[in-house]
K.L.:
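Below you will find the structure I want to go over with you.
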Number of protein chains: 2
Amino acid sequence: MRRMTARPANAHQARLLKLLRDGGPNSRAQLGDQIDLSRSKLAVEVDRLLETGLVVADGLAASRGGRRSHNVRLNPGLRFLGVDIGATSVDVAVTNAELEILGHLNQPMDVREGPVAVFEQVLSMAAKLRASGLAEGYDGAGIGVPGPVRFPEGVPVAPPIMPGWDGFPVREALSQELGCPVMVDNDVNLMAMGEQHAGVARSVGDFLCVKIGTGIGCGIVAGGDVHRGVTGSAGDIGHIQAVPDGRPCACGNRGCLEAHFSGAALARDAVEAAQQGLSEELASRLEAGGTLTAVDVAAAAAAGDATALDLIREGGNRVGQVIAGLVSFFNPGLVVIGGGVTGLGHTLLAAIRTQVYRQSLPLATGNLPIVLGELGPTAGVIGAARLISDHLFSPA
Amino acid sequence: MRRMTARPANAHQARLLKLLRDGGPNSRAQLGDQIDLSRSKLAVEVDRLLETGLVVADGLAASRGGRRSHNVRLNPGLRFLGVDIGATSVDVAVTNAELEILGHLNQPMDVREGPVAVFEQVLSMAAKLRASGLAEGYDGAGIGVPGPVRFPEGVPVAPPIMPGWDGFPVREALSQELGCPVMVDNDVNLMAMGEQHAGVARSVGDFLCVKIGTGIGCGIVAGGDVHRGVTGSAGDIGHIQAVPDGRPCACGNRGCLEAHFSGAALARDAVEAAQQGLSEELASRLEAGGTLTAVDVAAAAAAGDATALDLIREGGNRVGQVIAGLVSFFNPGLVVIGGGVTGLGHTLLAAIRTQVYRQSLPLATGNLPIVLGELGPTAGVIGAARLISDHLFSPA
DNA sequence: GCGTCTTTGTCCTGAGAGTGGAGAAAGTTG
DNA sequence: CAACTTTCTCCACTCTCAGGACAAAGACGC
């Protein structure tokens with residue numbers, strides 16, 4: 001099917017599209033309240049957007065004490081694809097232009113199988129969503145990968161946990177297959193954008209979004225925009241030294257944060273503890289499943305297992321220590337904790353908070369909320385849709 | 001004397017003023033090459049700037065193969081005052097509108113004497129510069145203080161090393177006394193702006209500027225702009241934990257970076273070493289001067305004293321470790337080392353580089369210069385002048 | 001049911017912003 | 001001294017944008 005190809009012709013139109021995306025259907029009068037334009041000029045730009053088809057009339061709204069307004073809204077037929085490639089699974093979702101999720105699929109998959117296999121999977125999931133009637137095609141797609149990305153080109157660079165992906169033209173290839181514009185970013189940055197768009201970080205301009213999953217990363221939002229760094233590796237905090245002369249890490253150094261606490265490290269420590277007979281709870285789970293994951297530790301902790309609680313607390317202390325440093329450095333207005341280990345819940349959060357509030361200066365922590373992400377596994381795909389919509393809703 | 005009060009009327013004029021500030025006298029044609037405006041429109045805006053008096057004609061330039069151009073330049077009578085209040089001294093300088101230093105005074109002074117005493121000193125230095133004929137008055141002033149600042153209001157907040165300054169209306173008071181607009185910022189941010197304007201960081205959009213003096217701070221420039229954080233305390237890295245259970249720090253915690261390495265810590269360690277008889281060089285200097293400073297350590301190191309070199313190396317390792325973490329997190333394109341201890345020179349730099357290159361990921365360090373600041377003690381005052389000129393050269 | 005008030009949206013006019021070309025002014029070069 | 005360059009100014013024309021007048025459509029009080 002032929003998809004929309006129109007783009008806003010100027011900054012005003014871009015602004016209007018974003019207001020409609022974030023605020024849903026609106027009348028010209030309501031739009032006028034939110035934008036610095038005369039009614040006449042605004043009407044002209046809205047008419048032009050109607051001509052492009054990006055925006056459509058949406059009937060009459062209720063009266064607010066006078067003539068009823070004619071609402072307009074983003075074309076309800078627009079479809080964005082949000083893809084979140086994690087280390088061990090793939091999430092794919094369809095959204096409308098208002099970034100509401102219409103359908104969401106998740107599939108376990110090891111990113112190390114390489115770009116070709118993963119791509120095949122993503123395309124099949126996208127096709128499945130299309131086949132279920134949620135979309136006739138895609139107007140744009142955003143995709144997140146678990147490693148640094150050369151953002152302007154949309155190409156992963158030197159990704160430690162993604163052998164085979166280095167230099168793979170993700171943007172180019174996906175755009176070719178889907179026949180629509182594509183933007184690529186680090187998965188952590190997308191999670192931050194997701195929480196900023198629809199989660200706990202709404203209306204916060206400077207915040208950190210720490211994602212603890214198989215590895216650890218940190219999305220940085222400064223002045224409302226994602227900070228990616230000069231080579232796209234900003235936020236790569238997994239290899240900050242957390243313990244002097246600590247555990248050996250896959251990167252070759254010792255004591256990296258990721259070696260001491262992450263989904264993978266936690267699972268390894270839990271198995272160790274079970275084998276050493278420190279926890280019956282963990283041992284029986286190990287026996288039953290053959291292996292342990294962060295989910296098992298969470299369950300054991302919920303059941304009151306002291307060893308599991310200790311593991312979580314110790315890990316939280318490590319992460320908290322590093323975050324404390326980042327808070328001193330960056331002075332954010334909010335810290336969001338997300339990723340797979342959020343299942344560890346309040347125990348983890350309490351440990352992190354303790355460290356940060358104790359080690360950072362009062363001025364930086366005085367009014368600093370440290371909270372769990374609100375969107376869970378949908379943060380990434382919403383962020384991905386947001387990424388491509390920000391791109392498409394900007395002047396060409 | 002009546003000073004200039006005009007401000008640019010629109011973004012074009014602001015852009016032109018900044019081009020003239022950074023590029024010196026220019027013809028209309030040269031300006032046209034650097035700005036996206038038609039020659040006719042550009043001529044109109046230049047004429048309006050001439051009318052305001054901010055810009056003046058500057059005679060004919062050499063021919064470039066055709067008609068000679070009529071240069072324009074910023075009014076050579078404009079004067080900015082740059083003030084850099086350090087922990088132990090005050091720098092005051094006069095610049096022209098192109099931010100060239102016309103006169104510079106330095107005066108030892110303890111910031112703990114409080115805002116009233118320091119202000120008196122600053123005003124007397126400003127008057128001295130005026131009396132020497134360098135300025136008939138000031139069109140604007142920038143001032144840096146060694147602590148966090150609520151930037152929009154220009155008021156220091158909860159400054160640990162500046163008791164008595166909390167909430168003191170620096171901007172308001174100085175503006176009153178000098179009769180011109182004033183902007184206030186953290187001294188480290190100003191140093192970063194100085195190096196960005198006229199030093200090693202020219203044309204770098206994302207960099208860190210670590211200032212090691214009495215304390216330690218870090219200026220953060222992201223996307224060309226200084227990142228100040230939500231409460232103005234961004235870059236306050238002196239109290240990041242560098243050594244678990246390390247030395248007690250004035251802030252109440254243990255192992256803070258500042259407690260292990262800074263001008264003050266280095267002097268203390270040197271005295272200790274001298275008293276323990278570890279270094280004859282340092283001991284003789286202690287005897288001679290009654291006390292030791294970073295300058296003594298630098299001299300001892302230059303003379304080949306092993307103990308002094310060890311102190312510097314160990315300190316550099318500590319700082320380098322912290323910077324390594326910040327590099328992983330922020331992924332800057334450049335790291336500038338400045339402040340009082342730059343006298344320690346290459347020994348310090350080598351230790352820092354070793355740590356950063358060893359601990360951060362190759363992608364972040366692959367093309368990362370770590371260099372000493374170029375401007376020395378003038379970085380702060382140039383940054384201060386730049387701060388106020390950025391303000392005055394923006395539309396009102 | 002009817003006039004009055006409020007809200008919404010459209011139309012029109014006039015002020016500026018901005019472009020691009022013509023052409024004058026002032027050089028260089030052979 | 002002719003031909004070519006570069007710089008700058010002037011002018012006509014287009015486009016943007018604001019703000020007021022006005023029409024449409026509803027709420028509300030009497």
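Worth saying up front: this structure is predicted, and the values here are computed from it rather than measured. Order of the sequence lines fixes the chain letters, A, B, ..., with proteins taken first and strands second; residue numbering starts at 1 for each chain.
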K.L.:
Is a salt bridge present between B:Asp22 and B:Arg202, judged by a nitrogen-to-oxygen distance below 4.0 Å?
P.N.:
no
K.L.:
Using a cutoff of under 3.5 Å, can you pull out all pairs of nitrogen or oxygen atoms linking the protein to nucleotides 25-30 of chain D, with atom names and distances?
P.N.:
| unit_1 | atom_1 | unit_2 | atom_2 | d |
| --- | --- | --- | --- | --- |
| D:dA25 | N3 | A:Arg67 | N | 3.3 |

K.L.:
Is there a side-chain polar atom (N or O) of A:His12 under 4.0 Å from OP1 or OP2 of D:dT16?
P.N.:
no
K.L.:
So does B:Asp33 have more than 12 non-hydrogen atoms from other groups sitting under 6.0 Å from CG?
P.N.:
yes
K.L.:
Crowded around A:Glu172 CD? As in, over 12 foreign heavy atoms under 6.0 Å?
P.N.:
no
K.L.:
Got a sec, which residues hit side chain to side chain donor-acceptor pair (under 3.5 Å) with A:Lys18, two or more places apart in sequence or on another chain?
P.N.:
none
K.L.:
Taking the six-membered ring of B:Tyr138 as reference, does the NZ or CZ atom of B:Arg79 fall below 6.0 Å from its centre and within a 45° cone about the axis?
P.N.:
no
K.L.:
When A:Phe393 is tested against each of A:Leu19, A:Leu16, A:Leu74, A:Leu20 for side chain to side chain contact (heavy atoms under 4.5 Å, CB included), which residue passes?
P.N.:
A:Leu74
K.L.:
Is there a residue in residues 14-48 of chain B whose heavy atoms reach under 4.0 Å of DNA chain C, and which residues are they?
P.N.:
B:Leu37, B:Ser38, B:Ser40, B:Lys41, B:Arg48
K.L.:
Going by atom types only, do A:Ser27 and A:Asn71 share a side-chain donor-acceptor pair under 3.5 Å?
P.N.:
no
K.L.:
If you take all heavy atoms of A:Arg171 and A:Met183, which pair is closest and at what distance?
P.N.:
NH2-SD, 3.4 Å
